[in-house]
Amino acid sequence: MTELLLDAEALYLDLRRGVERLLQPDMALVGVWSGGAWLAERLALDLNLGTAGVISSSLHRDDFGSRGMVHGSDPTRLPFEVEGRPILLIDDVLYTGRTTRAVINELFDFGRPASVQLAVLVDRGGRQLPIEPAFSAARVSLAPGVSLRLEKTEQGRFGFHLKTRESLDAE
């Protein structure tokens, strides 16, 4: 595993400023499991927004037939009414857009929000679907065989790890 030279804590502060600009009255934060949920939880606390929701992409993934349920995935928890409410999705890394599409489908299972915006810590490009964040703290370019993952320490601090396809296959 290789350490990426991006400061996740500094990027979190940029994300926080971006989220503050995107906030609307009665807007709810919803973090995409798992890294996005960590970010949304901390943002909700830091910005006094109440409890953030958590959303899982597992049931709406277009590769569900081959992957099944994502191991260790938290089920969706939305402690507020979705119907008619502006929603701000928070994710750690945006890549192909497929996870975002899946969580939007999951979100609509709970009602029709007034609007849905997306804020991400890192946008790595490589979109396969027409999905664009309203805010990203950083944009990076990585080879297709490289995975970028947000990690959280026991103290709640964020960091990044890179994995190559070879190291992913070895796990």
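Numbering starts at 1 and runs along the sequence shown.
- Here the OG1 atom belonging to Thr76 is positioned 6.0 Å from the CG atom belonging to Leu78, to the nearest 0.5 angstrom.
- Across all their heavy atoms, Ala52 and Phe80 have their closest contact at C-CE2, 4.3 Å.
- Residue Leu39 is grouped with residue Leu22 when hydrophobic side chains (ILVMFWY) are merged at heavy-atom distances under 4.5 angstrom, including chains of intermediate members.
- The aromatic rings of Tyr12 and Phe158 sit tilted relative to each other, their planes meeting at an angle between 30° and 60°.
- In this structure the side chain of Asp46 reaches within 4.5 angstrom of the side chain of Arg16, judged on heavy atoms.
- Taking CD1 from Ile104 and OG1 from Thr99, the interatomic distance works out to 11.0 Å, rounded to the nearest 0.5 Å.
- Here the OG atom belonging to Ser147 is positioned 11.5 Å from the NE2 atom belonging to His161, to the nearest 0.5 angstrom.
- Smallest separation of non-hydrogen atoms from Ala137 and Leu11: CB-O, 3.5 Å.
- Residues Asp92 and Leu148 form no side-chain contact, since every pair of their non-hydrogen atoms from C-beta on lies 4.5 Å or further apart.
- Shown here for Leu107 and Pro113, the closest heavy-atom pair between the two residues is CD2-CG, 4.0 Å.
- Residue Glu106 qualifies as enclosed at atom CD: its count of foreign heavy atoms under 6.0 Å is above 12.
- Taking the charged nitrogens against the carboxylate oxygens, Glu151 and Arg149 do have a contact shorter than 4.0 Å, which makes a salt bridge.
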inquiry  = Working note: Phe135 + Leu15, criterion side-chain contact (heavy atoms from CB on, under 4.5 Å); need CA distance, chi angles, decisive distance, verdict.
reply    = CA-CA 8 Å; Phe135 180 84; Leu15 178 66; 4.0 Å; yes
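- Judged purely by atom type and a 3.5 angstrom limit, Asp7 uses its side chain to pair as donor or acceptor with the backbone of Ala10.
- In terms of heavy atoms, Arg85 sits closest to Glu81 at CD-O, 3.3 Å.
- Taking every heavy atom of both residues into account, Pro79 and Gly53 meet most closely at CD-CA, 3.8 Å.
- Arg157 meets the side-chain hydrogen bond (donor to acceptor under 3.5 Å, both in side chains) test with no other residue; sequence neighbours excluded.
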Contacts table for residues 119-134: side-chain donor-acceptor under 3.5 angstrom, sequence neighbours left out:
unit_1	atom_1	unit_2	atom_2	d
Asp123	OD1	Gly125	N	2.9
Asp123	OD1	Arg127	NH1	3.1
Asp123	OD1	Arg127	NH2	3.0
Asp123	OD2	Arg127	NH2	2.9
Asp123	OD2	Arg139	NH1	2.8
Arg124	NH1	Val146	O	2.6
Arg124	NH2	Ala143	O	3.0
Arg124	NH2	Val146	O	3.2
Arg127	NE	Ile131	O	2.7
Arg127	NH1	Tyr95	O	2.9
Gln128	OE1	Arg98	NH1	2.9

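- Not a single donor-acceptor pair under 3.5 Å links the side chain of Ser57 to the backbone N or O of Ala102.
- Using a 4.5 Å heavy-atom threshold, the side chains of His60 and Asp109 count as touching.
- Using a 4.5 Å heavy-atom threshold, the side chains of Val19 and Leu88 count as touching.
- Residues Leu43 and Leu49 are not in side-chain contact: their nearest non-hydrogen atoms beyond the backbone lie 4.5 Å or more apart.
- Hydrophobic clustering (ILVMFWY, side-chain heavy atoms < 4.5 Å, transitive): Leu45 and Val30 are in distinct clusters.
- The pair Arg42-Glu9 counts as a salt bridge, with a side-chain nitrogen and a carboxylate oxygen less than 4.0 angstrom apart.
- In this structure, the separation between CD on Gln117 and CD on Gln24 is 5.5 Å, given to the nearest 0.5 Å.
- Note that CG of Leu118 is 5.0 Å distant from OG1 of Thr100, once rounded to the nearest 0.5 Å.
- Annotation: the span from Ser115 atom OG to Ile87 atom CD1 amounts to 8.0 Å, rounded to 0.5 Å.
- With sequence neighbours excluded, the residues forming a side-chain hydrogen bond (donor to acceptor under 3.5 Å, both in side chains) with Thr153 are Gln155, listed by chain and number.
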